[in-house]
Structures are given as C-alpha cells and as structure tokens.
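Following: one structure in structure tokens, then a few remarks.
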There are 2 protein chains.
Amino acid sequence: MELDEVVCFSRFSRVAICGGTHGNELSGVYLVREMQKAERKAKERGNDMEVITVLSNPRAVQRGLRYIDTDLNRCFTHAMLSGSNTNDAPYEIIRSRELNALLGPKGSRDAVDLVCDLHNTTANMGLCLISYSDSDWLCLHVFRHLQRQMPDVPTRFIHFNATNKESYSLDSVGKHGFALEAGPQPHGVMRSNIYTTMKMGVEHVLDWVCLFNSGFVFEGGSVDVYTVVRNIDYPRDRDTHNITAAVHPQLQDRDFCLLYPEDPLFLTLSGETLRYKGKEPLYPFFINECAYYEKGIAVSLARKRRVAIPAIRVQTEQEQQAKKDECTSEEEEE
Amino acid sequence: MELDEVVCFSRFSRVAICGGTHGNELSGVYLVREMQKAERKAKERGNDMEVITVLSNPRAVQRGLRYIDTDLNRCFTHAMLSGSNTNDAPYEIIRSRELNALLGPKGSRDAVDLVCDLHNTTANMGLCLISYSDSDWLCLHVFRHLQRQMPDVPTRFIHFNATNKESYSLDSVGKHGFALEAGPQPHGVMRSNIYTTMKMGVEHVLDWVCLFNSGFVFEGGSVDVYTVVRNIDYPRDRDTHNITAAVHPQLQDRDFCLLYPEDPLFLTLSGETLRYKGKEPLYPFFINECAYYEKGIAVSLARKRRVAIPAIRVQTEQEQQAKKDECTSEEEEE
C-alpha cells in the first residue's frame with residue numbers, strides 16, 4: 001500500500017442497521033424501532049442510499065432474552081446458512097437464513113454494502129467497533145470519523161483475528177460490516193446515556209457513508225487497533241463448573257487500561273487475590289460481560305498497534321462502469 | 001412506647017439466610033453457596049443458634065433467570081401457600097410451599113425467628129433492608145447495627161406499607177424478616193464489591209443476633225425510614241406497551257437523592273425531557289431496576305421520616321419460662 005495513493009471503492013447503495021440480534025441488549029432494539037418510526041414519516045437520507053433497519057431476533061426481543069434456542073450471532077457461517085430448514089431446527093438457525101436472504105447472501109455481490117449491528121455490553125467499554133478485519137479501510141475510516149465526531153466518547157476498534165476460522169456473526173453477511181458495541185449497560189435495561197451514544201454513533205456512520213458517496217476524499221493516516229490475543233475464564237469449581245472468584249475490584253470497569261503481569265485479576269469468593277500470570281502487558285476488555293459467563297470468558301486481552309490507512313474515495317461513475325465491463329468480460333471468459 | 005423502657009423479645013433459635021430467590025441475582029446465590037461450604041467444614045456460630053442457608057429457587061438459578069414460571073417472591077400469601085399442589089401448578093408456587101414447610105409455616109410459632117433474603121438490583125441503592133413493617137424493633141435494630149458497622153456503605157431502611165394487603169415475599173415467612181438488597185449490579189453478573197458488601201452485611205446481621213442472644217442491651221434511639229409512597233411507570237406506547245422514554249440521565253443512579261417537582265424524570269427516545277409533576281419532593285429509589293420493567297415501575301418514591309426505637313434485649317430464661325407458662329395456661333383455657 002502506498003500511503004499517497006487514493007484507494008477507490010464502490011459506492012454504498014444499501015446499508016443495514018440491525019438491533020436486537022441479542023434480544024436483551026435494549027439500546028439497539030429501541031434505536032431500530034425509532035428509526036423505523038422515522039422512516040415511516042420520511043425518507044430523509046439522500047444519495048439514493050437505502051437504509052435497511054432490522055430487528056434481528058424479534059422473538060428474543062419479545063421475551064427479553066439474549067436468544068431463544070442458540071446465540072444468533074454465532075449462526076452466520078456458510079455451513080450454517082446453507083443447510084435446509086427442518087421442523088426441529090433451532091429458531092435462530094432459521095432466523096439467520098431469513099436475515100441472510102434479506103441482507104446477503106453472504107459473500108455475494110447482492111449482499112448489502114454495510115452491516116452495522118448494534119450491541120450492548122455490561123463491560124465499561126464505551127463505544128467499540130468490532131470487526132474481523134484490520135485492513136478493511138472503509139470500516140477503519142468510519143471508525144476514525146466516529147472518534148473525531150464524538151471526542152467525548154471513548155471509541156475503540158477491536159479486531160477479532162479470524163484468519164483461521166470463518167466469521168460467524170451477523171455483520172459478516174454484508175460486503176463490509178462491524179458490530180457497534182456500547183456499554184456499560186445491564187442487559188434488559190435502557191440507560192439513556194448509552195442509548196444517546198449509540199444513536200449518535202449510528203448517525204455519524206450514516207453521515208460518513210453519505211459523505212463517501214458524495215465523492216469526498218478521506219485523507220490517509222493511522223488508527224489504533226486492538227487485536228484480540230486470548231481470553232481468560234473465571235476460576236471454576238471442577239465438579240459444578242460454578243465460578244469460584246469474581247473479577248477483582250481493581251480490574252472491574254478498567255477496560256482498555258493496560259494489565260501488567262502480577263496485576264490483580266480475580267478475588268475469590270473467600271477473599272483471596274489471584275493475579276495475572278501472563279508475561280506480556282495486554283489490554284483487557286469485555287471485563288465481566290454478563291453473556292460471556294456461559295462462553296467461559298471473564299476477560300478478553302488484546303494487543304494495541306497502530307495501523308496505517310490509505311486515503312479513500314468512492315469510484316467515479318466512469319470507473320464503476322469500467323469495472324462492471326471488466327467483470328462482465330471476466331464472466332464471459334469463464 | 002416509653003423510650004426509657006427496655007422491650008424484651010424471645011431469643012433467636014433459628015435464622016434463615018436465603019439467596020437465589022431470584023435466580024439471576026448472583027451475590028446471594030454465591031454467598032449462600034459459600035456459607036454452605038463453610039457449614040460443612042465447621043458450625044462456627046455459637047449460642048445454640050441454627051443458621052439455615054437456602055438456595056430459594058434452584059431451577060431459576062440453574063437457568064440464570066429471575067424465575068421459571070412466576071416471580072417466587074410474590075408467592076408467599078396465605079392463600080397461595082395453602083392451596084393444594086396440582087400437576088400443572090407453576091414451579092414457583094410449588095417451591096413456595098416447600099420453603100414455607102422448611103422455614104414456616106408463615107404466622108406460626110414454628111416459623112424461623114428471622115428470614116434474611118438476599119437480593120440484587122441494577123439500581124444504585126447501596127445496601128437496603130426492605131421490610132413490611134416500620135415498627136419491628138428487632139429489624140430496625142439490626143439496621144442500625146449495619147449502619148454503624150459499615151460506615152462506608154450507604155445503608156438504608158425501606159418500608160413497604162402493607163397494611164391494606166398481605167405481605168407476599170419470602171421474608172414474610174419468618175417471625176421477623178427483611179430483604180437485604182445490594183446494588184448496583186447487572187442481573188446475571190457478579191461484581192466483587194457488591195458481593196463483599198453483601199457478605200459483610202450478612203456477617204453483621206448474624207453477629208447482631210449472637211449479641212442479642214447473649215443478653216446485650218441495645219440502647220434506644222432513632223433511625224431514618226423510607227416509606228414507599230408510590231411508583232412511576234415509564235411512558236409507554238399505547239398500542240405496543242413498549243417504553244417510549246428512558247430514565248433521565250440526571251436521575252439515573254441518583255437513588256435516595258431528593259426529587260423535586262419539575263426535576264427531569266425521563267428522556268424520550270426522540271430526545272424530549274419529561275419532568276416530575278408531583279407536588280411533593282420525594283426520595284426516588286429502584287431507579288431503572290431491570291426486573292421492574294415488566295411490573296410497570298421505572299422509579300419508586302418514598303417519604304423519609306425518623307422513627308424512634310426503644311432499647312431492646314432478649315428475655316431472660318426466667319421471663320421466657322413465665323411466658324411459656326402463660327401461653328400454656330391460655331391454651332388450656334381455650
């Protein structure tokens with residue numbers, strides 16, 4: 001990549017804003033509902049861009065649960081999406097295929113250009129974009145835009161390195177996609193400040209897309225990316241699998257504050273401090289996230305590094321036409 | 001009541017500490033489990049006092065839910081307890097009868113002397129004793145003991161005025177009883193600081209009972225009691241019943257800070273501030289409690305007043321024997 005080069009991308013014709021992928025994460029649920037109400041009043045976004053708002057898991061939303069049968073946000077691998085629906089299929093498997101039909105098919109040219117999937121966490125994580133890629137320049141530019149437009153909100157980019165396994169989350173259905181995670185907020189609760197942060201975040205995402213579509217050239221630069229290294233589970237009883245310690249009070253709520261070897265990690269229920277035994281200082285996040293008790297994650301750890309991003313702009317109509325012609329001739333050759 | 005008079009009560013022979021009455025309120029669940037482990041190691045409490053530890057709703061605990069079929073902590077009216085178990089009875093109805101057999105029967109002389117039922121809230125309420133009575137001197141003395149022993153923890157006494165309706169919660173099964181509520185903590189999450197607060201609270205409750213049984217005379221004085229006046233629900237959509245506003249950021253987390261007429265109460269999802277229209281300044285609590293969305297409570301409001309409490313002590317053996325004789329002769333007369 002040459003940093004003085006401007007990288008061009010197709011314009012965004014369809015953007016999906018999804019909420020309630022986890023039914024008890026209420027900011028996204030209510031934000032999508034508000035957007036749907038506003039949509040009925042007026043289509044306010046220009047640029048011929050279609051904004052699709054989706055309540056991803058309506059049954060779980062209705063019951064105030066994360067999911068009915070299985071975690072919807074783990075159902076979007078090609079294998080799971082391509083099976084046939086049987087009568088006894090878990091609800092979320094069926095729903096993932098409906099969403100793939102609506103927003104995908106995943107990996108196809110018909111997929112929406114961007115999926116922004118709204119989530120909440122009980123961890124003190126501020127606003128995070130979570131992505132499978134650390135080289136999707138569009139997502140990294142959106143991230144930088146949010147950081148600049150919302151200087152009072154700690155906003156970070158988390159990269160789940162999925163090179164060895166396929167992405168499984170809803171946002172992977174779009175050509176580009178990320179989860180927009182806001183916290184701290186208890187599941188099943190709406191906190192006004194978290195709702196407002198998420199609402200502002202989504203507005204800035206859509207503003208960025210409009211600006212991009214309008215031909216604006218976004219300058220190159222760099223952003224900080226947190227790449228997940230590993231997770232640590234709670235200490236547990238061997239027989240019952242119950243936790244035997246809670247996150248240490250000195251670590252609780254300190255998401256993205258560097259954790260050094262020998263720093264307190266857990267406080268056992270009987271009062272003993274357990275320390276971080278890793279050799280490398282790492283950045284903790286998803287500290288004491290409610291939904292991760294069942295997944296065996298007390299805290300995730302990441303390395304931070306600076307990633308250079310090129311200048312980008314939308315392809316001109318001429319360039320798009322040229323690319324289309326190229327694709328057509330390639331198809332003809334096949 | 002003469003304040004220079006020392007009021008005498010029977011000694012406590014059985015005290016119940018209950019956790020997991022709501023299965024996703026984890027401090028009590030884990031504290032009871034820890035106490036049960038410790039019990040197996042050694043019976044450490046003296047005074048011939050039996051401490052009964054109970055996991056109230058084991059099925060809900062196992063599934064990480066507040067309840068399976070219905071809220072257990074609303075099942076302890078005489079009417080609900082006295083019905084016969086049918087095959088299709090809700091799980092919690094059946095369980096309430098088991099608990100009544102173990103700790104009650106409610107209202108009988110066989111009931112345990114004290115039920116301390118452990119709860120968590122997502123509201124910023126510190127530590128609260130919640131009781132149906134503002135004149136149970138024993139409970140008010142326990143409360144004052146906690147306030148004195150834990151000066152760093154905001155500890156309050158909430159009085160649900162149940163003169164017109166029967167008490168329905170688990171703690172009403174004991175001769176004396178209260179809920180011990182600790183927050184803020186998301187349901188389904190263990191926060192080490194909240195666990196520690198609750199653990200200290202329970203230890204001080206048991207210490208107080210031992211001190212009482214030993215013959216200590218607790219001096220009279222006064223305590224502040226918050227008596228519930230009314231609840232306010234979230235603004236809701238008439239058709240869907242969905243909330244249309246969240247608790248205002250200026251009210252969120254300000255439990256027990258006096259709410260004045262015209263203070264901000266809600267912020268609608270579209271950004272409008274709604275104000276408190278009451279005529280009397282009142283103390284808000286259970287602000288934005290997760291479990292109360294379904295009960296139609298966004299915030300509870302209380303009046304604070306000072307309650308005088310007499311000096312108390314345990315009855316001497318002589319006095320107890322005299323009382324027993326009195327009861328026996330009364331029974332013989334019947």
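So that the names make sense, note that chain A is the first sequence line, chain B the second, and so on, each numbered from 1.
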Quick one, [X] and [Y] - any side-chain contact, counting heavy atoms below 4.5 Å?
| X | Y | value |
| --- | --- | --- |
| A:Leu170 | A:Leu72 | no |
| A:Leu251 | A:Leu259 | yes |
| B:Pro249 | B:Leu267 | yes |
| A:Val299 | A:Val247 | no |

Verdict with reasoning, B:Met200 to B:Leu127, per side chain to side chain contact (heavy atoms under 4.5 Å, CB included): CA-CA 11 Å; B:Met200 284 167 53; B:Leu127 196 64; over 6 Å; no

Pairing residues for B:Phe285 by the ring-ring contact (aromatic ring centres under 6.0 Å, His included) criterion, not counting sequence neighbours: B:Phe256

Below 3.5 Å only, please: all the donor-acceptor pairs between chain B and chain A, one per line.
from: B:Met190; atom 1: N; to: A:Tyr293; atom 2: OH; distance (Å): 2.9
from: B:Met190; atom 1: O; to: A:Asn288; atom 2: ND2; distance (Å): 2.8
from: B:Arg191; atom 1: NH1; to: A:Asp253; atom 2: OD1; distance (Å): 3.2
from: B:Arg191; atom 1: NH2; to: A:Asp253; atom 2: OD2; distance (Å): 2.6
from: B:Tyr195; atom 1: OH; to: A:Leu269; atom 2: O; distance (Å): 3.2
from: B:Lys199; atom 1: NZ; to: A:Leu269; atom 2: O; distance (Å): 3.1
from: B:Asp253; atom 1: OD1; to: A:Arg191; atom 2: NH1; distance (Å): 3.2
from: B:Asp253; atom 1: OD2; to: A:Arg191; atom 2: NH2; distance (Å): 2.6
from: B:Leu269; atom 1: O; to: A:Tyr195; atom 2: OH; distance (Å): 3.2
from: B:Leu269; atom 1: O; to: A:Lys199; atom 2: NZ; distance (Å): 3.1
from: B:Asn288; atom 1: ND2; to: A:Met190; atom 2: O; distance (Å): 2.8
from: B:Tyr293; atom 1: OH; to: A:Met190; atom 2: N; distance (Å): 2.8

Region of B:Ile243 that comes under 4.5 Å of a non-hydrogen atom in chain A: both

